[in-house]
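Both backbone and side-chain heavy atoms feed into the values below; hydrogens, waters and symmetry mates do not.
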Amino acid sequence: MELSTLLNPSQIEAVQAVDGPVLVVAGPGSGKTRVIVYRIAYLVRTCGVRPSRIMAVTFTNKAAREMRDRIDQVLGGAQQNLTMGTFHAIGARLLRTYADSAGLDPNFVIYDADDQTQVVKRSLEDAGVDHKKFSPNAVKHAISAAKSQMVTPAEFAGRKSNYFDEIVHRVYDRYEAVLEQSHALDFDDLIVRVVRLLEGNAEVRERVQDRYVHVLVDEFQDTNAAQYRMARLIAEKHRNLCVVGDPDQAIYSWRQADVANILNFEKDFPGARVIHLEQNYRSTGTIIKAADKVIAVNRNRPQRKLWTENSDGLPIIVHDALNEQDEALFIVNEVDRLVKREGFKHGDCAVLYRTNAQSRAVEEAFVRYGLPYHLVGATRFYERREVKDVLAYLRVTYNPYDDVNLLRIVNVPSRGIGQKSLDELARWANRRSLPLYAAIQLLGEPPEQRGEGPDLGQRAEKALAGFLELIRGLEAEAKGSNAADLIKRVLAETGYRDYLLASDDDGEDRLENVMELRTVAEEFSHLRGMDSLAALLEQVALVADSDNVGEKPNSTTLITLHQAKGLEYPVVFIAGMEEGLLPHARSMEDAAQMEEERRLCYVGMTRAQQRLYLVRAYRRAAMGMRSANEPSRFLRDVPPELTALPQRKRVQAAGFQPEMRMAAMSGAAARDREAASVAPAGPPAYKAGERVKHGTFGEGVVITCHPSGSDQEVTVAFRGTAGVKKLLLSFAPLERVQA
DNA sequence: ATGTTTATTATTTTT
DNA sequence: TAATAAACAT
């Protein structure tokens with residue numbers, strides 16, 4: 001392996017610094033993944049470290065997969081024994097291996113966000129709290145925050161300071177009890193319980209620490225306190241901990257990620273080597289300069305400067321659109337043009353946005369124009385109702401003590417078990433501290449065993465007995481087959497297939513989704529019985545990443561800024577460059593949050609390799625309401641000399657009738673119009689945002705100004721009733737107004 | 001007990 | 001706007 005031909009000197013230093021703690025601060029596009037891949041290859045090939053003694057932690061499952069592939073490529077052959085995955089996946093594996101020592105059922109299930117919300121709701125009710133006054137989601141977030149900082153319910157009692165904390169405290173205890181009774185762990189538990197296990201059990205700690213001679217953590221800036229503690233514990237013995245991160249790309253503080261971990265690292269491992277990777281290989285000089293200007297405004301950041309030897313490339317295009325439809329239309333037009341005239345492929349392009357809701361308008365435009373696109377993770381596959389229902393059957397079959405999932409399907413399709421009966425059953429089970437499933441089992445026992453009965457009607461009892469039989473049947477089936485076959489049986493025996501087909505008009509589509517789940521399940525057909533089921537459930541719980549489901553080749557990617565972390569595209573559009581959106585309205589009050597918004601913008605900009613578009617809409621419909629938004633403050637920080645107006649005439653029409661305009665623009669008409677567009681004539685007379693005055697319409701703000709034939713067309717938003725008008729420069733009585 | 005209609009309400013990012 | 005809960009009718 002001749003490293004000097006593959007890597008620059010700093011990268012080589014990071015690869016070869018294998019003894020002792022190392023912190024690699026790696027800017028965007030600085031070859032970070034490359035460094036990790038070669039570092040692992042170097043450990044295995046040159047240092048003779050067995051792959052089984054290496055642990056590499058990534059931020060997403062997808063990243064783990066890709067990294068494994070690249071390592072396999074470099075080393076030739078599959079490195080099966082390498083421990084590689086997210087903190088959560090690795091945590092789950094450790095906890096199953098050492099379930100006994102951790103005091104867990106080795107068949108524990110993993111609760112996702114939705115399950116958690118259900119548990120919180122139930123806990124709120126149990127605690128007698130009005131769940132209208134305290135949103136379950138807020139409480140869930142508070143509990144999760146406490147857990148990821150390793151605060152137990154008992155410790156929480158000490159820090160409660162207001163009424164909300166008081167409520168959280170009351171619910172937190174109850175929440176943990178419900179999880180335990182359900183033999184379930186939530187996401188945070190997958191980390192927290194590992195830490196507790198390692199801290200509390202010297203024997204297990206020794207074994208784990210002995211095994212992992214080298215530990216790597218990627219995206220270190222986005223780890224939380226518990227995760228860092230877990231990594232530190234595992235690496236404590238050999239002290240070969242290498243963390244790779246970039247404080248400027250920390251964008252998950254809302255999930256309790258804490259950049260301070262980087263500072264803690266240098267404190268906990270004095271004398272750690274610090275290596276900086278600052279040369280960017282990804283983007284044009286223009287993009288790097290602009291991104292650097294934007295991020296430089298943050299006060300709370302390390303001193304450093306990203307640089308590149310790449311050529312400057314083209315200016316960044318800043319575009320002002322009328323509204324979100326117009327914004328989408330502009331993007332679609334540009335993609336089309338880049339593909340037709342400039343040799344890009346659809347797959348080279350990506351549209352990035354702050355909120356998932358923004359994807360709608362963009363998606364509609366792509367559909368209307370018939371351009372290929374794929375949307376990453378909006379309505380995530382595993383969150384579809386029908387998929388969750390079928391999964392609930394599987395999960396209850398695997399672990400019948402899972403109350404949340406049992407409640408989900410006990411009456412789906414309806415089998416005569418109504419809310420009243422369930423309430424009564426739950427009260428009865430609660431008094432006895434029994435999971436619902438155990439309570440239902442007890443119903444079948446003779447009266448001396450079951451004691452004072454629940455007050456259920458005969459019909460309900462019979463229906464519950466029927467449900468019990470159903471689950472028992474599935475259980476027997478599960479033992480003798482595999483997950484994919486079990487899904488088939490669930491569909492047939494529970495009546496779910498008929499229920500789906502009968503329910504909506506899109507029942508067939510829903511069934512199609514379930515079949516997709518079956519396809520996923522088939523991956524685990526080499527395993528038999530409960531093992532197959534266990535493997536599927538684990539995968540589903542931890543791969544909330546829907547990236548592997550139905551990705552279209554060579555299509556434009558529609559993705560949130562957060563999800564785009566770690567990715568790169570030749571052409572990037574950032575949509576919604578507006579105050580209130582990016583930066584988001586919720587971050588306006590808090591300086592630290594505002595810095596995070598800026599980092600998010602920085603992350604977005606640095607995804608671009610060759611072309612970067614920053615697009616904003618003058619007005620936008622948000623949950624039914626229209627509002628006019630100021631341009632994002634981040635646009636002001638992009639030096640004007642690095643930007644340009646769009647080179648071609650933008651397609652637009654007056655007024656606010658997107659439907660009509662879309663219709664008019666579809667198909668051949670659009671192409672004709674495009675072909676008819678004329679070469680630019682002279683520099684624009686006005687820039688977007690300038691104040692102007694008109695003889696009859698009064699004062700207004702320029703939205704766009706661009707060439708139109710031999711003239712220029714100025715679009716102005718006027719104060720008051722006049723609204724938005726398109727005017728021709730040579731005719732309109734316009735004059736500048738000083739701000 | 002279940003399906004239908006109306007009212008309400010909350011809108012960021014996700015392993 | 002859209003998703004969900006509550007109220008209502010069957």
Side-chain angles (χ1 to χ4, degrees), chain A residues 57-64 85-92 110-114 116-117 121 131-133 135-138 140-141 144 147-148 185-191 218-219 222-224 226-227 250-257 324 352-361 376-380 382-383 385 411-423 456-457 459-460 463 499 502-504 539-547 559-565 576 580-588 593 596-597 599-601 603-604 620-626:
Chain A
V57 187
T58 57
F59 190 70
T60 64
N61 296 288
K62 192 176 153 211
T86 62
F87 273 108
H88 297 89
I90 291 172
I110 300 166
Y111 272 1
D112 65 18
D114 202 64
Q116 280 180 60
T117 306
K121 267 190 198 156
H131 66 272
K132 275 179 205 151
K133 255 185 140 173
S135 104
N137 273 320
K140 181 184 76 180
H141 187 259
S144 175
K147 281 184 142 185
S148 58
L185 297 184
D186 65 19
F187 278 122
D188 299 305
D189 285 328
L190 296 177
I191 315 296
D218 192 12
E219 305 287 8
D222 284 322
T223 53
N224 65 35
Q227 289 169 332
I251 54 175
Y252 282 93
S253 72
W254 49 275
R255 229 171 63 188
Q256 314 310 316
E324 73 270 25
L352 278 47
Y353 37 78
R354 177 69 229 263
T355 69
N356 270 312
Q358 289 171 255
S359 69
R360 226 188 95 181
V376 177
T379 6
R380 282 188 286 287
Y382 293 119
E383 281 169 25
R385 198 176 70 228
N411 202 34
V412 177
S414 336
R415 26 179 97 87
I417 305 168
Q419 202 53 55
K420 280 247 170 71
S421 310
L422 283 176
D423 285 348
L456 292 170
R459 263 207 324 265
Y499 163 80
S503 58
D504 309 288
Q539 152 111 355
V540 167
L542 295 173
V543 184
D545 244 354
S546 53
D547 53 347
I559 192 170
T560 64
L561 286 161
H562 281 89
Q563 287 180 305
K565 182 170 88 160
L581 214 46
L582 184 64
H584 195 272
R586 290 216 169 180
S587 306
M588 296 291 184
Q593 281 190 61
E596 179 144 323
E597 295 291 310
R599 290 193 293 268
L600 198 50
C601 182
V603 167
R620 186 179 291 275
M623 27 175 194
M625 303 247 279
R626 288 195 165 290

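- Regarding Leu581(A), its CG atom lies at a distance of 11 Å from the P atom of dT12(B), rounded to whole Å.
- A salt bridge links Glu219(A) to Lys565(A): one of the charged nitrogens lies within less than 4.0 Å of a carboxylate oxygen.
- Between Tyr252(A) and Phe59(A), the ring planes lie tilted relative to each other; the angle falls in the 30° to 60° range.
- Checking dT12(B) for Watson-Crick or G-U wobble geometry (two distances, each under 3.5 Å) identifies no partner in any strand.
- An aromatic stacking contact between Phe87(A) and the base of dT15(B) is absent, as defined here by ring centres under 5.5 Å apart and ring planes under 30° from parallel.
- In this entry the distance linking CG of Asp222(A) with P of dT13(B) reads 16 Å, nearest Å.
- Note: CD1 (Ile110(A)) to P (dT14(B)) measures 20 Å, nearest angstrom.
- In this structure, the aromatic ring of Trp254(A) is not positioned over the six-membered ring of the base of dT12(B) within 5.5 Å between centres and 30° between planes.
- Going from atom CD of Glu219(A) over to atom P of dT14(B) covers 14 Å, rounded to whole Å.
- Within the nucleic acid shown, Ser421(A) comes within 4.0 Å of sugar-phosphate atoms alone, with no base atom in reach, counting heavy atoms only.
- Put simply, CD1 on Ile251(A) is 11 Å from P on dT15(B), counting in whole angstrom units.
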Could you go through nucleotides 2-6 of chain B and list every protein N or O atom that sits under 3.5 Å from one of its N or O atoms, giving the distance for each pair?
unit_1, atom_1, unit_2, atom_2, d
dT2(B), OP1, Gly416(A), N, 2.8
dT2(B), OP2, Asn411(A), ND2, 3.1

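- The residue among Arg354(A) and Ala113(A) whose nearest nucleotide of DNA chain B lies closer to the 5′ end is Arg354(A).
- With 3.5 Å as the limit, one finds no donor-acceptor pair spanning the side chains of Asp218(A) and Thr58(A).
- Atom OH in Tyr252(A) sits roughly 6 Å away from atom P in dT14(B) (whole-Å rounding).
- Contact between the side-chain N/O atoms of Lys565(A) and the OP1/OP2 oxygens of dT15(B) is not found at any separation under 4.0 Å.
- In this structure, a donor-acceptor pair under 3.5 Å is present between the side chains of Gln419(A) and Asp423(A).
- Within 4.0 Å of Phe59(A), counting heavy atoms only, lie sugar-phosphate atoms of the nucleic acid but no base atom.
- For dT15(B), the OP1/OP2 oxygens have no side-chain nitrogen or oxygen of Asn61(A) closer than 4.0 Å.
- Atom pair Leu422(A):CG and dA1(B):P shows a separation of 9 Å (rounding to whole Å applied).
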